[in-house]
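One structure is given below, encoded as C-alpha cells.
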Amino acid sequence: MNAQVNTPKHVAIIMDGNGRWATARGLSRAEGHRKGAEAARQVVETAKELGIPYLTLFAFSSENWNRPEDEVSDLMDLLRYYLKKETAELHKSGARILIIGDRERLPIDIVKLIDNAETLTRDNEKITVVLALSYGGRQDILFAAKELAKQARAGEIDLDTVNEDIFSQYLMTRGIPDPDLMIRTSGESRISNFLMWQLAYAELYFTDTLWPDFLKKDMEKAIDYFNSRERRYGGLSQMHEMQG
Ligand code: IPE
Ligand code: IPE
Ligand code: MG
C-alpha cells in the first residue's frame with residue numbers, strides 16, 4: 001500500500017453481498033449474514049490499525065424492514081448476539097459506539113443493548129464506530145426538517161439563521177464529520193438511501209468483492225484509491241492554481 005499521505009477521517013461502508021455470498025456456497029442467507037458480521041468485526045480492527053477515527057457501517061436500512069419476516073428476524077437475532085458479544089470487547093479496545101437510525105422500529109431489548117453500548121463507551125477515543133441500524137438517509141433529513149419546523153413554530157429558532165452547519169446538527173450524525181470515503185461491496189453502484197446529506201463530497205469506491213470476503217487488503221486498496229483522488233469541492237485543481 002502507498003505511503004499514507006492522507007488517512008480519511010471518516011470511512012462509511014455499505015456492507016452488501018451477504019446473501020449472494022451464501023447462495024454461491026449453497027448456504028442459507030442467514031449464514032451469509034453471520035459471515036458478514038465476522039467481516040464487520042475485522043474491519044473495525046483494520047480501521048483502528050490504520051488510524052481511521054470514524055467508521056460507519058450500514059448494517060440494516062429502513063427499507064430492509066421490507067424483507068421477508070424470517071430474514072428480518074434472523075438479522076435481529078444476529079444483531080442481538082453481536083451487541084452482547086462485542087460491546088465489552090469494543091469497549092476494552094477503546095472504541096466508542098454510536099447508533100444512528102430509527103430506534104422506534106427496533107425490538108425493545110435491542111434498543112436497551114444499544115443504549116448500554118453507547119453509555120458504556122461514550123468516553124472512548126481510539127475510534128468511533130457508528131452503526132447504521134434501521135437507518136435511511138431520507139428519513140434522517142425528514143426528521144431533521146420536522147424538528148427544525150417544530151422549533152421554528154415554537155419561536156425557538158429563527159429560520160433565517162439556519163445554514164448547513166446548523167442543519168447538520170439536527171441530523172442523526174450530529175457531531176460526526178462527513179465521510180471522506182464511502183465503500184460499497186458486491187458490485188452495486190448505488191447509495192441505497194445511505195447517508196444522503198453527509199456523502200455530498202465523499203469519494204465513492206465500489207468493489208465487486210462480496211462483503212463476507214472483504215479483508216484488510218481490500219480496505220487498504222480502498223484507501224489507496226482515496227489517496228489517488230484529488231478533492232476539489234467545486235473549485236479548481238491544485239495543479240491549475242499553481243500554474244496561475
Ligand atoms: C447485506 O447483504 C446485508 C443487509 C442488507 C442486511 P444482502 O443481504 O443485501 O446480500 P445480497 O445483496 O442479497 O447479496
Ligand atoms: C443496502 O443494501 C443496505 C445495507 C447494506 C444495510 P441492500 O442490499 O439493502 O440494497 P439494495 O436493495 O441492493 O439497493
Ligand atoms: Mg444487498
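This is a predicted model, so every value here is computed, not measured. Order of appearance sets the numbers: ligands from 1, and atoms from 1 within every ligand.
- The pair Arg103-Glu118 meets the salt-bridge criterion, with a side-chain N (NZ, NE, NH1 or NH2) lying under 4.0 Å from an Asp/Glu carboxylate O.
- The ligand atoms of ligand 1 that sit less than 4.0 angstrom from a heavy atom of Arg20 are 11 (P), 12 (O), 14 (O).
- Taking distance alone, with nitrogen or oxygen atoms compared against 3.5 Å, Ser61 stays at or beyond that limit from ligand 2.
- Residue Met15 holds the heavy atom nearest to atom 1 (C) of ligand 1 of all those in Met15, Arg29, Glu188, Glu71.
- Shown here, atom 8 (O) of ligand 2 is in close reach of the protein: a heavy atom of it lies under 4.0 Å off.
- Between Arg231 and Glu203 there is a salt bridge, since at least one side-chain N of the basic residue sits less than 4.0 Å from a carboxylate O of the acidic one.
- Nearest protein heavy-atom contact of atom 14 (O) of ligand 2 is Ser192 OG, 2.6 Å.
- Compare Leu210, Asn18, Leu133 by their heavy atoms: the one nearest to atom 3 (C) of ligand 1 is in Asn18.
- Using a non-hydrogen distance threshold of 4.0 Å, Arg190 registers as a contact of ligand 2.
- Here the options are Glu45, Lys48, Glu86, the test is side chain to side chain donor-acceptor pair (under 3.5 Å), and the partner is Ser93; only Lys48 passes.
- Assignment of Arg67 to the shell around ligand 1 is supported, since a heavy atom sits closer than 4.0 Å.
- Below 4.0 Å from some heavy atom of Phe60 lie the following atoms of ligand 2, by number and element: 6 (C).
- For ligand 1, the polar-atom distance check against Asp16 finds a nitrogen or oxygen pair separated by under 3.5 Å.
- Contact annotation: the side chain of Pro179 approaches that of Gln198 to within less than 4.5 Å [non-hydrogen atoms, C-beta and beyond].
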Residue pair Ile52, Lys9: steps toward the side-chain contact (heavy atoms from CB on, under 4.5 Å) verdict: CA-CA 6 Å; Ile52 296 165; Lys9 274 207 171 51; over 6 Å; no
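- For the ring pair (Phe, Tyr, Trp, His ring centres under 6.0 Å) test, residues two or more places apart in sequence or in another chain that qualify with Phe167 are Trp197.
- At a heavy-atom cutoff of 4.0 Å, ligand 2 is contacted by no atom of Phe194, backbone or side chain.
- For ligand 1, the polar-atom distance check finds no N/O of Asn64 at less than 3.5 Å from any of the ligand's N/O atoms.
- At the shortest separation from atom 10 (O) of ligand 1 among protein heavy atoms lies Gly19 N, 2.9 Å.
- Between Ile183 and Met219, the closest side-chain pair of non-hydrogen atoms falls below 4.5 Å.
- The shell of residues lying under 4.0 angstrom from ligand 2, judged by heavy atoms, includes Arg184.
- Arg96 places none of its side-chain heavy atoms less than 4.5 Å from the side chain of Asp123.
- Using a 4.0 Å cut-off between a side-chain N of Lys or Arg and a carboxylate O of Asp or Glu, Glu31 and Arg34 qualify as a salt bridge.
- For the Mg ion (ligand 3), the count of nearby protein N, O or S atoms, meaning those under 2.8 Å away, is 1.
- Heavy atoms of Gly17 come nearer than 4.0 angstrom to ligand 1 in at least one pair.
- Using modelled atom types, one side-chain atom of Arg25 and one backbone atom of Trp21 make a donor-acceptor pair closer than 3.5 Å.
- Judged purely by atom type and a 3.5 angstrom limit, Asn227 uses its side chain to pair as donor or acceptor with the backbone of Asn6.
- Ligand 1 places these atoms under 4.0 Å from at least one heavy atom of His33: 3 (C), 8 (O).
- Of the possible donor and acceptor atoms, one in the side chain of Asn193 sits under 3.5 Å from a partner among the backbone N and O of Arg138.
- Proximity to Ile14 (heavy-atom distance under 4.0 Å) selects the following atoms of ligand 2: 1 (C), 5 (C).
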Stepwise side-chain contact (heavy atoms from CB on, under 4.5 Å) check, Arg80 with Asp109: CA-CA 8 Å; Arg80 213 171 258 125; Asp109 67 310; 2.5 Å; yes
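- Atoms of ligand 1 found under 4.0 Å from any heavy atom of Ala59, numbered from 1 in the order shown, are 6 (C).
- Remark: the backbone N or O of Asp180 is not paired with any side-chain donor or acceptor of His10 at under 3.5 angstrom.
- Side-chain N or O atoms of Arg105 include none that pairs as donor or acceptor with a backbone N or O of Asp102 at under 3.5 Å.
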